Structure formats: C-alpha cells, structure tokens
Amino acid sequence: MKRLHYAWIIVSITFLILLAVQGVRLSFGAFVEPWERQFSMDRGTISLISTISFIVYGISQPVIGRLVDKWGARAVLSWSSLLTGVSIFLTCFVTSPWQLFLLYGLGVSLGVGGASNVAASVLVVNWFSKKRGLAFGIMEAGFGAGQMLLVPGSLMLIHWFSWKLTVVVLGLLLIVIVFPAALLMLRNNPSEKNAEPIGGLAAVEKETAPNTTALSVTGMFRMRQFWFLILPFLICGFTTVGLMDTHLIPFSHDHGFSTTVTSAAVSLLAGFNIAGILLSGIVADRWSSRKILCFLYAVRALSIVILIYSHEPYLLLAFAILFGLVDFATVAPTQMLATQYFQNYSIGLMIGWLSLAHQIGSALGAYVPGVIYTVTGEYTMAFYVSIGMLVLASVMNVLLREPAAATRDSVAVIEKG
C-alpha cells in the first residue's frame, strides 16, 4: 500500500488551524447583539471593534510575511494560534468596552493575522510543486469549515447559555487542541521529514531559484497586475468578512428571522463555501484564474441582490447557498495568479500585501455599513454600494493579462529598474 505523503498531513493541520483561528474571527457577528446589551454600545461602536481588528490584522500581514521568511511558517502559525486562544479566553473577564477593544481589537487580531493564509500559503508552496491549486483549496476550506462549525455553534451557545461561556469554549479549543497539534506536527520543508515535495524537488527548485533581477517593491507598484489583484481583493474583503461576517446575523434578526433560521442560513453559507473553495482550487489548476475571478465576483453581486429582497426564509437560504459558493472561492485563484505573476519575488511578502488589501477592505466593510445602519436604520445602501464594487472587481479581472504574457511585461519592468 502506498504511504501517505506527509504533505497531506501538513495541509490537514493547516486546515485545522484556519478552521479554529479564522472561525473565531468569523464568529464576531454572533457577539454583536450580546455585546451591545452587555456594554450599552450602539451598532457603530461595536462595528468599530471589528474595524480596528481588521486594521491590526491587515497591517500585520506584510510583517508576517517577513517573519515567515525568517522564522518559518511552523513557528508563526503555532504561536499565533496560542495568542488567539488566550486573548479570546480572557474576554470572559472583560468589564468595560476599552478592555474589549484591547483584547479583541489587538490580541485576537494579531493572533488571527499570524495564523492566516500568508504563512499557510508558504507551506503549500514548499510542500507542493504539483496539485498546488487543490492544496490551496483544501487549506482555504478551513475558513469555510470554521464558518460552518464555529459561527452557528457560537450563535447557539450564546442563545442557550451566555457569550462568556462561548468565548471560554473557543479559547480552550485553540489552547488545548490546535496549538499542540501545530507545534508537534507542522514542518516547514519536506527536507525536515527526509522527503520531497509532491511533484518532485526539481520543479520547486526551478520555481524558487534565485533571480538576479528580482523585482523591487517600487517596480511591483508600477505593475498593472499588482493593482488589478490588490483592488479586487480589497473589494473581496469588504463584501465577505467585512460586510457579511459582521452584519449578516444582525441583518437577519432585523428582518424578523429566528435564531434557528439564521443559524441554518449561516450553516448553509459555510457548507457551500467549503464546496466553492475546493471547486475553485481544482478548477484553478486547469483553467484561467482571472476568468474564474471575473465569474465569481459577478455571481457574488447577484447574490447580494437576492439578499436585499430576502423577506422570506427561503430567499435568505437561497442567498446563503449562492453567496457561499463564491464566498472564499476567490482566494485560491487569486493566490495562484500572485505566485504566477510574482514568481521572482518573495511569495510570503506578496501574499502579505494581498492580505493587507483584503483586511483594509474588511475593515471598511465592517465599519461603513455599521455607520450607515446607525444613520439610516437599515443596510440597503451598504448592499447597493457592495454590488457596484463587485461589478468593478469583475471588470478589473477581465482587464488582466494571462500570466505568461504578464511575466514578459514584468521582466521589462525589472530591466528598467
């Protein structure tokens, strides 16, 4: 019987880390109303906690990319998981809003920033020279699994017991299970297990061979494909983690949907999110990633149109299915394009810039709709703005060139200095 390649163990542990850590982050929406009641804060102020969290997370990403290059993905993922667990656990002792801002806005956010797809993507690149799109898809499915399990789980625990017990459970999950698993089982490179990457060592060495004409940061900023990846990914963050993961649950309650219906919608969204992530990873190995992204952003815009008119449970569930299919499905093709366009540059740093853009979008997507809700009493305007942004993101991906042609352009930029 053929022995299981350790690369699949790496992907599995990475999946678990992202499930737990990012699941904690995605559960923020479940705490909005309990924290409003507990600390007498309005929706805009609660949204500010999420906004600060995204800003801290985003700013950390290029730094995390450098730390991964210096210390390795194993150390960054392991200790970041522990920091997230300790920080979310300690929120059960919070007695005033400023403590919540400090523990969640700073502690949890730095942990989530470290245990993100920046470090995880480097592991995938190190361990896979073939089937990389599939590996990216499995890794990113951790986001969807966390959304499917921890978000409705948190919502129900809060409903049955209290928000304080819920954060204790989330914290212990990370401290007792995830941190030890990451520290003991992750390895930075196949050589640490006397193995080769899936697809062979020669392919990886060819991809990562030193290039004397490495792209400078200023040169990268002058490239159209940099901005046409960064800006759509910012819009991606605005419309997913920022808007939906922060405001979908309170929006659903405002429309009179019960906790059961809301939990079902979140679970459906997360379940189809996993399917969409895995499918996009598989398709990204076989088809044009930029065309995939164009399609995904257009469908996401359509799903929000459905949400605006979802006054019946079946429409909310229809939205959840459609939005779930295209939710995090954009990540794998975006990362594939990044590794193809910028193969002569630090992969960790480039993914860090993408994550920074995503978190800036997420911060705006969490805060701006909260302010709009405070002023107008509804989310409709925020949804229409999101639809327009998604149409723009779809068009920008149409205007991208295929990686083979773009690589020739990047060489010309490098040679110009």
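This one's a predicted model, so the numbers in the text were calculated from it and none came from an experiment.
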Parallel, tilted or perpendicular, as decided by the 30° and 60° cut-offs, for the rings of Trp163 and Trp35: perpendicular
Test side chain to side chain contact (heavy atoms under 4.5 Å, CB included) applied to Ile292 and Asn397, Leu337, Val283, the passing residue: Val283
Backbone N/O of Cys236 and side chain of Thr330: donor-acceptor pair under 3.5 Å: no
Verdict with supporting geometry, Met139 and Ile277, side chain to side chain contact (heavy atoms under 4.5 Å, CB included): CA-CA 9 Å; Met139 177 193 79; Ile277 291 168; over 6 Å; no
Side chain to side chain, Leu173 and Leu150, heavy atoms closer than 4.5 Å: yes
Test item: Arg224 side-chain N/O and Leu399 main-chain N/O as donor-acceptor pair under 3.5 Å: yes
For the student: nearest non-hydrogen atoms of Val241 and Thr246, plus distance: O-OG1, 3.5 Å
Non-hydrogen side-chain atoms of Ile52 and Tyr367 separated by less than 4.5 Å: no
Shortest non-hydrogen contact between Leu174 and Ser81, atoms and distance: CB-O, 3.9 Å
Any donor-acceptor pair under 3.5 Å from Thr84 side chain to Ser80 backbone: yes
Main-chain N/O of Pro232 paired to Tyr297 side chain as donor or acceptor, under 3.5 Å: yes
Atom pair CD1/OG1 of Ile88 and Thr166 - distance to nearest 0.5 Å: 10.0 Å
Smallest separation among heavy atoms of Leu77 and Ala115, with atom names: CD2-CA, 3.7 Å
CZ on Phe101 to OG on Ser96, rounded to 0.5 Å: 10.5 Å
Ser310 side chain to Leu316 backbone, donor-acceptor under 3.5 Å: no
Side chain to side chain contact (heavy atoms under 4.5 Å, CB included) between Gln99 and Leu90, worked out: CA-CA 10 Å; Gln99 295 168 337; Leu90 291 177; over 6 Å; no
Ring geometry between Phe179 and Trp79 (parallel below 30°, tilted from 30 to 60°, perpendicular above 60°): tilted
Side chains of Pro190 and Trp127 in contact at under 4.5 Å (non-hydrogen atoms): yes
CA sep, side-chain torsions, deciding dist, call: Trp8, Phe15, ring-ring contact (aromatic ring centres under 6.0 Å, His included): CA-CA 10 Å; Trp8 298 114; Phe15 171 90; over 10 Å; no
Ring-ring centroid check Tyr379 His247, cutoff 6.0 Å: yes
Value rounded to 0.5 Å, distance of CG in Leu123 from CD1 in Ile17: 8.0 Å
Side-chain touch Leu172/Val168, heavy atoms, less than 4.5 angstrom: yes
Rounded distance [0.5 Å steps], CE in Met336 versus CG in Leu293: 11.0 Å
Between CD1 on residue Ile13 and CD1 on residue Ile10, distance to nearest 0.5 Å: 8.0 Å
Nearest atoms (heavy-atom pairs only) where Leu296 meets Pro333: CD1-CG, 4.4 Å
Validation row: Ile49, Met41 side chains within 4.5 angstrom (heavy atoms): yes
Minimum side-chain heavy-atom gap Phe39-Val94 below 4.5 Å: yes
Closest approach of Ser109 to Ser53 (non-hydrogen atoms, all atoms of both residues): OG-OG, 2.7 Å
Side chain Ser252, main chain Leu248, donor-acceptor under 3.5 Å: no
N/O donor-acceptor pair under 3.5 Å between Ser116 side chain and Gly113 backbone: yes
Check: Ser267 side chain, Ser263 main-chain N or O, donor-acceptor pair, under 3.5 Å: yes
Step-by-step side chain to side chain contact (heavy atoms under 4.5 Å, CB included) determination, Met156 to Thr259: CA-CA 8 Å; Met156 298 311 293; Thr259 299; 3.9 Å; yes
Distance-minimising heavy-atom pair for Phe323 and Met244: CZ-CG, 3.5 Å
Side-chain donor/acceptor of Asn188 to backbone N/O of Ala73, under 3.5 Å: yes
Note, Val305 side chain near Phe319 side chain (heavy atom, < 4.5 Å): no
Whether Ser394 side chain and Cys294 backbone form a donor-acceptor pair below 3.5 Å: yes
CG on Leu278 to CZ on Phe136, rounded to 0.5 Å: 14.0 Å
Ile64 side chain near Val76 side chain, heavy-atom distance below 4.5 Å: yes
Worked check of side chain to side chain contact (heavy atoms under 4.5 Å, CB included) between Leu234 and His358: CA-CA 4 Å; Leu234 183 150; His358 196 275; over 6 Å; no
Arg300: which of Asp327, Thr240, Thr239 passes side-chain hydrogen bond (donor to acceptor under 3.5 Å, both in side chains): Thr239
Distance flag, aromatic centroids of Phe251 and His255, threshold under 6.0 Å: yes
